[in-house]
Amino acid sequence: MSDCLFCKIVDGSIPSIKVYEDDHVLAFMDIFPLTKGHTLLIPKKHHENVFDMNSEDAGQLFSVAPKIASAIKASFNPAGLNLLNNNGAPAGQSVFHFHLHFIPRYDQTDGFKATWQTKEKQLTTDLVTKYADKIKSQLSI
Ligand code: AMP
Ligand code: ZN
């Protein structure tokens, strides 16, 4: 896509610090890193988000994820690592070309925070079971 930032990184018209490349995917360093080693993995083909990808696209990308994660672990020995993928602006997506963040974690003050306010009182087991049935009916289409 001509006006997509990450497509421009793929075609080389915008510079990036690359760490891995094959026929289908590219991994490069995030320009505003949250932590030491923060890396992005993208498909070379433009896909806006996960809803725009099929199993083959996803397989090509996710099959490389353990390799990138292991290289980050071997390089920096982080205490943990978050894989993060935002789909849609309300979910925090700011670049609309699918990307998977690899965020090595060092301690509780390393700059990464996610609030996780569970709603088990409102979302009862009865409701959750209904939601599961709804998802299952879509999966069997
Ligand atoms: P998201 O909010 O999930 O869409 O994340 C987009 C990520 O792309 C952010 O972490 C940005 O720092 C990163 N980013 C934006 N422009 C560039 C660039 N030119 N090179 C590398 N990373 C970038
Ligand atoms: Zn793109």
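All residue numbers refer to positions in the sequence shown, counting from 1. Whatever order the structure lists ligands and atoms in, that order sets their numbers, starting from 1. All values reported here derive from a predicted model rather than from experimental measurement.
If you number the atoms of ligand 1 from 1 as listed, the ones under 4.0 Å from a heavy atom of Q93 come out as 4 (O). Taking every non-hydrogen atom of N86 and a distance limit under 4.0 Å, the qualifying atoms of ligand 1 come out as 1 (P), 2 (O), 3 (O). In summary, the atoms of ligand 1 found under 4.0 Å from a heavy atom of M29, numbered by their order in the structure, are 21 (C). Listed by atom number, the atoms of ligand 1 under 4.0 Å from S94 heavy atoms are 1 (P), 2 (O), 4 (O), 5 (O), 6 (C). The atoms of ligand 1 that sit less than 4.0 Å from any heavy atom of H101 are 1 (P), 3 (O), 5 (O), 7 (C), 10 (O).
With a heavy-atom cut-off of 4.0 Å, L84 does not touch ligand 1 at all. Counting heavy atoms under 4.0 Å from ligand 1, residue F98 does not touch it at all. At a heavy-atom distance under 4.0 Å, no atom of L34 approaches ligand 1.
Checked against the 6.0 Å centroid threshold, H38 and F102 do not count as a close aromatic pair. Here H99 and H101 bring their ring centres to under 6.0 angstrom of each other.
Of all protein heavy atoms, the one closest to atom 21 (C) of ligand 1 is I31 N, 3.3 Å. Of all protein heavy atoms, the one closest to atom 8 (O) of ligand 1 is F6 CZ, 3.5 Å. With respect to atom 10 (O) of ligand 1, the closest heavy atom belonging to the protein is D30 OD2, 2.5 Å. Atom 1 (P) of ligand 1 has H99 NE2, 3.1 Å as its closest protein atom, hydrogens excluded (heavy atom only). Protein heavy atom closest to atom 16 (N) of ligand 1, with residue, atom name and distance, is L5 CD2, 3.2 Å.
Nearest N, O or S atom of H46 to the Zn ion (ligand 2): atom ND1.
At a threshold of 4.5 Å between non-hydrogen side-chain atoms, the residues F98 and D52 do not count as touching. Side-chain contact between K8 and S2: absent, with no pair of heavy atoms (C-beta onward) separated by less than 4.5 Å. Taking the side chain as every heavy atom from C-beta outward, I17 and F28 never approach each other to under 4.5 Å. Side-chain contact between T129 and L127: absent, with no pair of heavy atoms (C-beta onward) separated by less than 4.5 Å. Between H24 and K44 there is no side-chain heavy-atom pair separated by less than 4.5 Å. For the pair F62 and L41, the minimum side-chain heavy-atom distance is 4.5 Å or more. Side-chain contact between I72 and T39: present, with at least one pair of heavy atoms (C-beta onward) separated by less than 4.5 Å.
Under a cut-off of 6.0 angstrom, the local environment of CD in Q122 is crowded, with over 12 non-hydrogen atoms contributed by other residues, nucleotides or ligands.
Side-chain contact annotation: E120 with T118, donor-acceptor N/O pair under 3.5 Å present.
At a threshold of 2.8 Å, the Zn ion (ligand 2) has a backbone or side-chain N, O or S atom of C4 nearer than that distance.
Contact annotation: F28 has at least one heavy atom less than 4.0 Å from an atom of ligand 1. Within the 4.0 Å heavy-atom shell around ligand 1 one finds I9. Using a non-hydrogen distance threshold of 4.0 Å, G92 registers as a contact of ligand 1.
Of the angles at the Zn ion (ligand 2), the one spanning SG of C7 and ND1 of H97 is 110° when given to 10°.
Contact between N49 and Q93 at its shortest, heavy atoms only, is CB-OE1, 3.9 Å.
Residue-to-ligand polar distances place V95 within reach of ligand 1: an N/O pair is separated by less than 3.5 Å.
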